[in-house]
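These notes concern the structure reproduced below.
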Amino acid sequence: MQTDNLKFSSQGESSLSLDAQALTSGFSKLSKEERYARLHQLGLLTTEDIEYLQLGGLQSTGLAEHFIENVIGYFQLPLGVAMNFNIDGRNIVIPMAVEETSIIAAASKTAKWVREQGRITTQTLGNLIIGQIQIAHTQNPQDVVMQIEKNKASLISRANEIAAGIVRRGGGVRDITCRILPRTDSSDHMVVLHVLCDPCDAMGANIINQVCEALKKPIETMTGESVRMCILSNLVDTRLTQAQVEIFDIDPELGYGIEEASKFAELDPYRAATNNKGVLNGIDPIVIATGNDWRAVEAGIHAYAARGGSYSSITKWRMRGPILVGTFEAPIIVGTVGGVTKLHPTAQLCLRMLNVTSAEELSRIMAAVGLVQNLGALKALSTVGVVQGHMKLHSANLALMAGAETDEIETVQKELELILRKTRRVSLSHAVEALEKLRRQKESKLGPICTQ
Ligand code: MEV
């Protein structure tokens, strides 16, 4: 490990307010050992963290046995860091667990642009998650609602006995509301109760499900109706995360191109799906790296994207004079305590690296990275396209898939880049041909390889 001008210290000794210069100076050009050294110097990794990462993370499946059933091993994703982010005035190194080529490079590159020419700000709206209790059939929906309203205080108080742990931390159930849904298959109505709970820094799934199930009997007794099911909702429009990116003095043509790309996604669900996938390219890898439930985050974001009755974009870009302004708004329900976030050492390492103090702050970072990722994609799509940016690592992947050995990859990659420049496309068969060509050349230099 190169330590010449990078002094090692254990986490906490060095300042966590990261020096912008150190953050931006050629991180991607460093070797892996130098990256460890840089992150250590910045106080983001301890020597123990580095040893743990060098060993390849979790070795024993013991922990996995506590999480799931029928364990046979771990599935390992690459873990990288996106650099150059300054979110709400704080420099942050972003851990991302992801397999897709270019995501981290694009995030870092776009964050650098924003850092130099703009800013990122974030906020949250509301802090309550939703648990649903369903009364499937009733002839008297208004009476049911009246009973719930009349007994609301006692229901909330019962709920908060169940959620005592969260109440002790300053959270708990705050309100219970009712929705009447006319049934389309009969003259009955469905009544759906929403139990609104502040889960503090937990994601809250377990606690809200427990609370709702505990309210089942009292609700049946007070309404005389039967409760069918109780479960959280992932469409958490009561706890939204917003991010805003501004780019000052943007080249008007580029700004216009990004605005047009945005309007395409706002209007057309087919484009919106891809646009939002690009946003999630920034969000999911942090959700995974911090041990959070990415299916819940995905479900919430997509449902929110369809809240107007038609699936649309969760981001919006507009020119405001010489400033390009981008916004993101959606629920991002994650936790910093409980479950995998607490138990998985890699998740803990990533949370320490982010140095977040709350689940709300973690969701704001995710929103910011998602929006920056979206900006990077729209910038590429409205100028050179995405193929060029993908190609360097994609060609390495193709070389590997074609069966190239480590010392052959670079040459195959170079050949693929030449083909790409000429034809604007490369495929696995090009890689196979390039590898065969290389091996023929090697053989003609060395003579045939003797295997006997
Ligand atoms: C690819 O993973 C993501 C993009 O398709 C996103 C987009 O089209 O906005 C490039």
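Order of listing sets the numbers, starting from 1, for every ligand and every atom in it.
Close approach of ligand 1 to Lys277 is summarised as follows: ligand atoms under 4.0 Å from at least one heavy atom of the residue are 1 (C), 2 (O). Per-residue contacts place Arg271 under 4.0 angstrom from the following atoms of ligand 1 (heavy atoms of the residue considered): 7 (C), 8 (O), 9 (O). Atom numbering of ligand 1 starts at 1 in the shown order; those under 4.0 Å from a heavy atom of Leu381 are 7 (C), 8 (O), 9 (O). For ligand 1, the atoms lying closer than 4.0 Å to a non-hydrogen atom of Glu100 are 1 (C), 2 (O).
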Handout entry: CA sep, side-chain torsions, deciding dist, call: Tyr52, Thr346, side-chain hydrogen bond (donor to acceptor under 3.5 Å, both in side chains)
Key = CA-CA 9 Å; Tyr52 168 79; Thr346 314; 2.5 Å; yes
Exercise for the section: For Ser108 and Asn84, run side-chain hydrogen bond (donor to acceptor under 3.5 Å, both in side chains): C-alpha distance rounded to whole Å, both residues' side-chain angles, the deciding distance at 0.1 Å, then the answer. Expected result: CA-CA 6 Å; Ser108 303; Asn84 306 322; 5.0 Å; no
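The shortest distance between side-chain heavy atoms of Met366 and Leu354 does not fall below 4.5 Å.
Regarding atom 5 (O) of ligand 1, its nearest protein heavy-atom neighbour is Thr274 CG2, 3.5 Å. Considering only non-hydrogen protein atoms, atom 3 (C) of ligand 1 sits nearest to Asn281 ND2, 3.4 Å. The closest protein non-hydrogen atom to atom 10 (C) of ligand 1 is Val386 CG1, 3.9 Å.
Nearest heavy-atom pair across Ile283 and Gly370 is CG1-CA, 3.8 Å.
Between His344 and Tyr74, the ring-plane angle classifies as perpendicular under the 30° and 60° cut-offs.
At a 4.0 Å heavy-atom cut-off, ligand 1 does not touch Asn374 at all. With a heavy-atom cut-off of 4.0 Å, Ile103 does not touch ligand 1 at all. Residue contacts with ligand 1 for Gln373 are absent, since no atom lies close enough (heavy atoms, distance under 4.0 Å).
For Lys112 and Glu116, the salt-bridge test passes: some basic side-chain N is under 4.0 Å from an acidic carboxylate O. The pair Lys437-Glu433 fails the salt-bridge criterion, with no side-chain N (NZ, NE, NH1 or NH2) lying under 4.0 Å from an Asp/Glu carboxylate O.
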